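Worksheet: the structure to be examined is printed underneath.
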Protein chains: 2
Amino acid sequence: MDKNPEESTDSISCLIQELSSLPGIGPKSAQRLTYYLLRAPEGQVRSLADALLSLRQKTKLCTICFNISDTDRCPICCNSKRDARVICIVEQPQDILALEHVGAYHGLYHVLHGAISPTEGVGTEDIRIKELLSRLKNNQIDEVIIGTNPTMEGETTAMYLNKVISPLGIKVTRLARGLPFGTELEYADDLTLTRAMEGRQEF
Amino acid sequence: MDKNPEESTDSISCLIQELSSLPGIGPKSAQRLTYYLLRAPEGQVRSLADALLSLRQKTKLCTICFNISDTDRCPICCNSKRDARVICIVEQPQDILALEHVGAYHGLYHVLHGAISPTEGVGTEDIRIKELLSRLKNNQIDEVIIGTNPTMEGETTAMYLNKVISPLGIKVTRLARGLPFGTELEYADDLTLTRAMEGRQEF
C-alpha cells in the first residue's frame, strides 16, 4: 500500500484501514469486504453502520449478573422461568452466548469480565468477584457452577472462587474438562489427557 | 442461536447478524467482532460506522477508466506522470489495488466491471467494453495490456478483447500466466503447468 498512495481513493482506503484494525481481519480481507460493500445494497451498508452505532449507545451491563444488555436487567435475569438458585460463573458475556446456544442450562449467570492473571496484572479486585459474593450472600443460592475457561488464568480463578464460595455453605461445581468431542486421543495434548483420565466417569 | 432467544440482547444480536451477512465472516467471527467492538474505544466504532457511510455516499466511478474514486476522475487518470499511452484492462477495481501495490506498472487502467460469462448471462454489452473501444479510438494508445483473471471467464473476455482491439492497430499484450511464486511444481494443477510450459521464457 505504501508504494503508490494513489492506488485507491480516500473513502475506500479509509474503510479498508478501519476494517483492518479489527481482530482477525487482515488487509486482504478488509479490502475484499470493502469492495463487497461497494456493491452491496445501500440499505445493508446503512444497517451495518446503524448496528455499530447502537451497539455502544444502547448497551449496558446488567445490574445483577453483569451480562451485556439493552436493559438494566438482562433478559436472562428477568426470566422468571429460569432457576434462580443456580448461578454459573463465566469470564465473558460471550461465554453466556455459547452456553445458551447449547440450551442445556436453565439457571442464572454471573459474568466476571476477566480472569485472575498475575502476569497481566489482573487481581481478584479487578473482576466482579466482590459483586458475586454479595449476590451469593443476599440470595438463596443452592449451587454455583464455575464455568471459567480451562486455561491457566481460568484455573487460577476457579480455585480462588472455590476457596471463597465454599465457606458460604453453597455447593460449588465445575464444568467437566476432558477430551473435546470429535477429536482423536492420539492428537490430544498431555494436559487434556491428564484431565480426561482424572475426571473419568463410570458407565 | 434459535434455541434461546434470550441469549443476547437486541443491539448485540443485531450487529452479529449484520456482520454475519458479510462474505467470509461466519457467525462465530461475527460474534467475536461484536464483543471486541463492545470493548473497543467508542471512537473506533464511530470511525468504522462513518467510514461505512462515506463509502457509498462519496464514491463514484471515474468517468475515464471506471475505477472507483471520490472524484469524477480518479487519481490515476489525473496523474500526469503516468504513461497515458498504455492501458491495462482489468475486471474489477480491486485488481488495480493489487497491481498498484506491486508498483511495477505506470500506465493507466480500464475497469470492465465484470467478465464475459455465458453461464451467468454476462455478455459483451454488460461490461465496459463499448467505453473501452471509444477510449481507444479517441486517444493515442500504443499498448493495451489485458489483465483479466486466468479463469474461464477471464480467458473468454481476453480473447474477445484481442479480437476487437487488434484491428485498431494497437499492440495487445497479456499478463504472463504460469507457476505462481513460492509453489511446488508437484502441486501445480494441469492447466497451470500447461501454461507454464507454453509460456516458457529464455534465460
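Predicted model only: the values in this text are computed from it and were never measured.
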For Ile16(B) and Leu97(A), what are the C-alpha separation, side-chain angles and deciding distance, and is it a side chain to side chain contact (heavy atoms under 4.5 Å, CB included)? CA-CA 12 Å; Ile16(B) 292 176; Leu97(A) 225 64; 4.1 Å; yes
After noting the C-alpha distance and the side-chain angles of Asp72(B) and Lys60(B), does the key distance pass the salt bridge (charged side-chain N to carboxylate O under 4.0 Å, His left out) rule? CA-CA 7 Å; Asp72(B) 280 339; Lys60(B) 46 192 121 182; 3.8 Å; yes
Region of [X] that comes under 4.5 Å of a non-hydrogen atom in chain B:
| X | result |
| --- | --- |
| Leu38(A) | both |
| Ser29(A) | neither |
| Arg32(A) | side chain |
| Gln92(A) | side chain |

What option among [options] has the most heavy-atom pairs under 4.5 Å with chain A?
| options | answer |
| --- | --- |
| Gln57(B), Lys58(B), Gln44(B) | Gln44(B) |
| Ile25(B), Asp50(B), Val45(B) | Val45(B) |
| Arg39(B), Gln17(B), Arg46(B) | Arg39(B) |

Tell me the closest heavy-atom pair linking Leu175(A) and Gly147(A), and the distance in Å.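 Leu175(A) and Gly147(A) have their closest heavy atoms at CD1-CA, 3.8 Å.
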For a quick test of reading the model, state the closest non-hydrogen atom pair linking Tyr109(B) to Leu99(B) and the distance between them.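 Shortest heavy-atom separation between Tyr109(B) and Leu99(B) comes out as OH-CB, 3.5 Å.
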Taking side chain to side chain contact (heavy atoms under 4.5 Å, CB included) as the criterion, tell me which of Leu132(B), Asn162(B), Ile170(B) meets it with Val144(B).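 One option only clears the test, and that one is Ile170(B).
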Residue of the set Leu61(B), Val111(B), Ile89(B), Leu133(B) for which side chain to side chain contact (heavy atoms under 4.5 Å, CB included) holds with Arg128(B):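 The passing option is Leu61(B).
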Counting heavy-atom pairs under 4.5 Å with chain B, which one of Pro23(A), Gly24(A), Ala51(A), Ser21(A) comes out on top?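 Among Pro23(A), Gly24(A), Ala51(A), Ser21(A), the one with the most close pairs to chain B is Pro23(A).
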Which region of Leu55(B), side chain (C-beta onward) or backbone (N, CA, C, O), has a non-hydrogen atom less than 4.5 Å from a non-hydrogen atom of chain A, or is it both or neither?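 For Leu55(B), the contact with chain A is made by backbone and side chain together.
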Heavy atoms from other residues, nucleotides or ligands near CD of Glu120(B) exceed 12 (cutoff 6.0 Å):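 It does not: Glu120(B) CD has 12 such atoms or fewer within range.
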